[in-house]
Structures are given as C-alpha cells and as structure tokens.
Amino acid sequence: MAHHPRWLETLALRCRCGNDIQLSSDGYICGCGRKAGAWDGAKAVIGSPIPYWGEIPQDQMRRLLDESERNGWRAAVQANLEPVLSEYVTTPDRAAFQEILPLSSGALVLDVGAGMGGIAAELARNYRVVAQEGVAERADFIALRAAQDGLSENLAVINGDVNSVEFAPGQFDAAIVSGVLEWVGLFDTSKGVKEVQVDFLRRLRGFLKPGGLIYVGIENRIGWAQLRGVPDHSGIPYTSLLPRFLATWVCRRNRNYRSSQNVTYRTYTYTHGGFLKIFAQAGLRARSTHISVRGYDYPTELVPLVEEAIVTYTLEHLNRPGGLKTRLLNRARLAAAKPWFWRTFGADFVFVLEAAGA
Amino acid sequence: MHKLVAAALARSPDRISLATLGGRKGVAITLGYLDSAKWPAWVAKVAHTSEAVLKLAKEHQALLALAPWAEELGVPRVLDWQCDSTNACLLTSAVAGRLVRIIFRLAGEPGSGSEHLNAALSWLERFRRTIPAGGGGPAREAAIAALAPLKEECGAVAGLRSLLESAAEFAAAPSHGDFWYGNLRFDGKRAGVFDWSGLAARSPLHDIFKLLTSCCFEYGGAVKTPPDVAAFGSIWFSATPLARYFREKIRPVSDDQAELRTAFYHFLAESILIAGPSTRGIWYKITSILERRGFPAPGSLLPAGIWT
Ligand SMILES: [Zn+2]
C-alpha cells in the first residue's frame, strides 16, 4: 500500500452494483465481492489494460522507462526522444491554461488521458491531481516522473481506459480534456461519433462537484490551420472540412496508419457553434472561450473572443514593416482582428465548461 | 489561476475576459478585459521561479515608489500584491493605449516613426522633470550597489569594468532601465510606460540610448531577433542621416563627452546583463569591437568595415 497520497483513499469509484468503492490495502474491492482494481505500488490499475499505443514504439518506451529509473526521467527523455517530442513531454507550457482556470489551491483535478503526464505533473504543483491513462507504460512513466520531482503527494496515477474507470459522482473540482474529445469516437464504435462524444462529456459532468469545471482543448473544424492543409486527426489534410460521409470515403481509400485506424472517419471536430451544441446536449455550457494561438497543446497565449484583446494580440505579432507583401499581410491581419473572424477561423479552441444549470 | 486574479474577477461587477501571455522567464502574464472597454482593465504577473519572484518584487517596489506620479506619467498602479519565496503575484492597472512599433530604416531619412519617437522622448523629459532627484527610486548608494553585478558580468572586458567605476557619478535621476517601444503604449500621442523592474538611478541618457537602439533592430512578432552588430555600429558610429538625427535627439539632454561615454557603456553593460543566452554573445561582440578602439564615445566616426 506504499507510495500513494493519503487523499486517494477518500476518492471513490462506483461499482456496477451501485455501491461506492474506496481504496483499501487489498485494492478496490466492492461490498458485492467484485474486485474493481488494484494498487501495484506506483499506480492504481482499473479494469483490463488497453493495448500499447503512443508517440513512440513500445520497445523504445520500455527503454525510456528503464533509463528514467536509472538516470532520472529528464535525462532519459532528452537522450531517447526527438527534440520536438522531448520538449512536448518536459515543457510546463502545456499546463499554462491553469492561469484562466478558477480553481483554489488544493482543488481535486482529473486529467483525462494524461499521456506522458506533462499536464498532470505541472498541475500537481498547485492542485491534487488524478492522472487517468489507459496505457500501462505511460501510466508508469507519469508515476515515475512525479516521484522523482517530489510531486507524489499531489499526484495519483490511475491506469485504466477512459470508458471503464467509473468514479462515484460529485468528487472532482475540474476535469482536463486536452486533445481527447476528438479521439473518443475511436474507442467506442458501438454508436455514432457525436453520441459517443456527448456521452463522454455527460459522464465527466457527473464526476464533478457542484460548480465543477471541464477544460477542453481542441481544434476548430474549419480553423486556419485546417484550411492551410495541416493534417487532420485522420493523418490526411482537409478531412475535417469535408462532410463526414466524404471524409469516411477518403479515409477508406487512404493507406496511411491513422486513416486505417479511422476506418469510418470517427475523429470529429466541430465549428464554434457545433461545439456549443454538443456541450448543450451534454448539459454543459461554455463559461469562457479562447483561441489558443500556439495550438491547444501549448496554451500559453490564450486570446478571449473580445475585440480589444484580439487587436492587442495582433498588433504585438505583426511582421516587421517591410515590402509591399508584408504591408498588405499586416493590413489583412488587422482587418481580421474581429471576434467573429477569430471565432470562425481560429485554429484551436480552449473552452472552460460548467454545468448548464449552474 | 492565482488567487489574486480570482479575487479581482470576484470584485468586478462586470464580466471580465482573461487573456494570457505566458512562459517568459518564469512569469505568466494575464490581462483582464471588460467586454466593451478600450485597453485591459488590469494586468496580473505571476512569478513561478525564485529568480522571477525577485524581479517581480523589484517591480512592485518601483511602482510603489512611483505611485504619487502614476496618473500623470501613465505608470501602472499597484492593485494587489502577494509574495513568498517561490511564488508571487503583482496585480496592476494596465497602461492605456496600444503598442506602436517605432522602427527606422538604417538607410534613408528618418520618416514615419519620428512622431511617436518624439512622444516617447517627451515622456522621458516629463519623467525627469516630475520625479524629484533622489525621489521615486533608489538613491546614489543603491545605484552604486546596482553596478556591482554589471562589473562582475562584464569582468571579461577589463576596460568596460573600469568605465563602470565612474557610472555612479552620472547616476543623477531615476531611470526605467528597459525603455524600448515594446514597453510603451500610446493613446493618441500620449505615452504610458510599464515593466518597471529595472528602475534605478542612472544617467538620463541611458533610457534614450536604449530607446533609439531598439528602434533600429529587428523585432519579428513578439520574438526578438538578435541585435544586429552592423546596425548598432551604423546608429552610433557613422555619419548617416539617421545617426545625425539621433545625435540631435540626445544633445538637449547632455552634451558632456564624459557623461555620453560613461552612460553609453553603462547601457551596453546592462544590455549584456539582461540579454538572454541567445543574444548575449552579440552584445559581447559589439563590446569587444569597441574595446579594440579604446571605447570611443557614441557619435565618434568609425569605419563601417570593423563591424562585419
Ligand atoms: Zn459492487
């Protein structure tokens, strides 16, 4: 039972029988006799493990884990990962959105699909964080980095699939859904994509305390990056712009890895209005909406859809006045510094959601 | 979100939208906008590292010292402050106005940028007249103390070190310390100034050197590209129309050759100290070229070839 934060014992899972289950020295065991999960010394393991997937192949991931244990995770990451990925895993910038999240210190936060733990570890400096991650190796990595950085008292790792970890209702102050909502349609193919996404959000809403928040970072379906041809979640450019049936048709005809996973285009993103609609269907509403100019993965520069803020940001990021082309481009960017334009074509959205009745 | 930001949101009767500019040297900056207002209502700086906390504490002290003249000079007012060893938050009013990039082309006549340059220079003049000597900032002893880390940083350049010995003699008045156009806002022609962590007693020429130099370097987007060695040489050591124009801007403030020279190298030493790791080498290069020429006063003519 060693190595878990005390407070984890007060966090309850919900058994299929309807009872709450708390962590004991034998793991998560319900009064009905069902064993929902175990504590393996570093992390809680809930349900059956999901097959490995991730930014790097499994054997490289295992090497990374070994080396992290021997030399410290930062050194291991720098030695084993490409610079871009290394930056992604180590930078505190991925949690920069916390500056706009109205949480008090010590709040209990659920990081959904925590990946390599970049966000969870950073949040654990200020809050108590439950990092939920489906892949065992990545969950181990999060636990390791937290321990080595002295954050274990504030960070608990739960290794279990998004859809199978069922918390008892009303426990979290916030849930972080950064780069996750667009993928959930792939993990449940039993119903329509939008339905899966709405059910996912509704379930998360249930985990929240009254007044709790859901943070969502996600691409705009018709954002300027998509219009410029940056690859969509299918691995193919422009698929988000197509009607869904056409996107499916394109994915079926393409042999790239991601599109083969995406057999019937199931990684939906939406326009601003489209997002508000699915939030409403899940009983949520946007408390604030921002454009994350560096992409939702690096939410250091969050611009609210307020004219003065957009103009200020644009002025500070104009190109140095030079030839005719830059002058025209600068003029166009200033002309486009309007809330309607950013709301329509901004690359990535960052939403803070609350229950619609709140 | 820092609790001072949460408190500011709770205090406001109107809806406030937050914008963030983060990740610079351990400081996250959050601006609060009222929906229909011009300019932000307030600015919060949150420091996460002990180094950033120290810098923010200095800025807080500076703003308290300047508070009596804040309205008149367009300087932020302190609204709230909290600090411990690894975390600090400074909440201030925002400076009214917008960013104007004052940029001059090295070749050719100074043209379009000069209107706002003049507004910035007259702000400096107003600042000098408004703040009594010895008021609004550290006294001469503090100025001498502030030179110590400079002398240490520039220890590699022996001549520069001895030049700095006399810098305190000319440290007659409070000065901003990082007075470039990015730290100014203009509401029409009225300028306001923020980012006061460098407030110290210096020669009044110091801020002018910084301002004029910054108007000739490349600043692409929010990212500063390294200062250009040749551009630096052209502004301060050539006879181009722009160099002459700049000299005319400096003359009314001081024509004393000793002060010009000392203040100029004081400015150069501070540029080395506050430069990031990527640009520090370039400031060193500029300094060592000038060292070989015996640290000439700005305005002396040097052959253009030495800068490349
Ligand atoms: Zn049960």
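The chains referred to below are lettered A, B, ... by the order of the sequence lines, with proteins before strands, and numbering in each begins at 1. All values below were derived from every heavy atom in this structure, side-chain atoms included, with hydrogens, water molecules and symmetry-related copies excluded.
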*Do B/L91 and B/W81 pass the side chain to side chain contact (heavy atoms under 4.5 Å, CB included) test, and can you show the C-alpha distance, the side-chain angles, and the key distance before you say yes or no?*
CA-CA 6 Å; B/L91 191 83; B/W81 165 249; over 6 Å; no
*asked:* Which atoms of B/L99 are under 4.5 Å from chain A, going by heavy atoms: the side chain, the backbone, both sets, or neither?
replied: both
_Residue B/A44 versus chain A: region with a heavy atom under 4.5 Å_ = neither
*Checking A/E307 against chain B: side chain, backbone, both or neither under 4.5 Å from a heavy atom?*
neither
*Which atom names give the shortest non-hydrogen contact between B/F194 and B/G182, and what distance separates them?*
CZ-O, 3.5 Å
*Does any heavy atom of chain A fall under 4.5 Å from the side chain of B/L9, the backbone, both, or neither of them?*
neither
*Please state whether the side chain, the backbone, both or neither of B/V46 comes within less than 4.5 Å of a heavy atom of chain A.*
side chain
*Can you name the residues that form a side chain to side chain donor-acceptor pair (under 3.5 Å) with B/N87, not counting sequence neighbours?*
none
*Answer with side chain, backbone, both or neither: which region of A/R287 has an atom nearer than 4.5 Å to a non-hydrogen atom of chain B?*
backbone
_Contacting moiety of A/V293, where chain B heavy atoms sit under 4.5 Å_ = neither
*Taking all atoms of both residues into account, what is the closest heavy-atom pair of B/I16 and B/G32, and its distance?*
CG2-CA, 3.8 Å
_Residue pairs fulfilling ring pair (Phe, Tyr, Trp, His ring centres under 6.0 Å) with at least one residue in residues 84-128 of chain A, sequence neighbours excluded_ = A/F97-A/Y215
_Closest contact, heavy atoms only, A/A107 versus A/L103_ = CB-CB, 4.2 Å
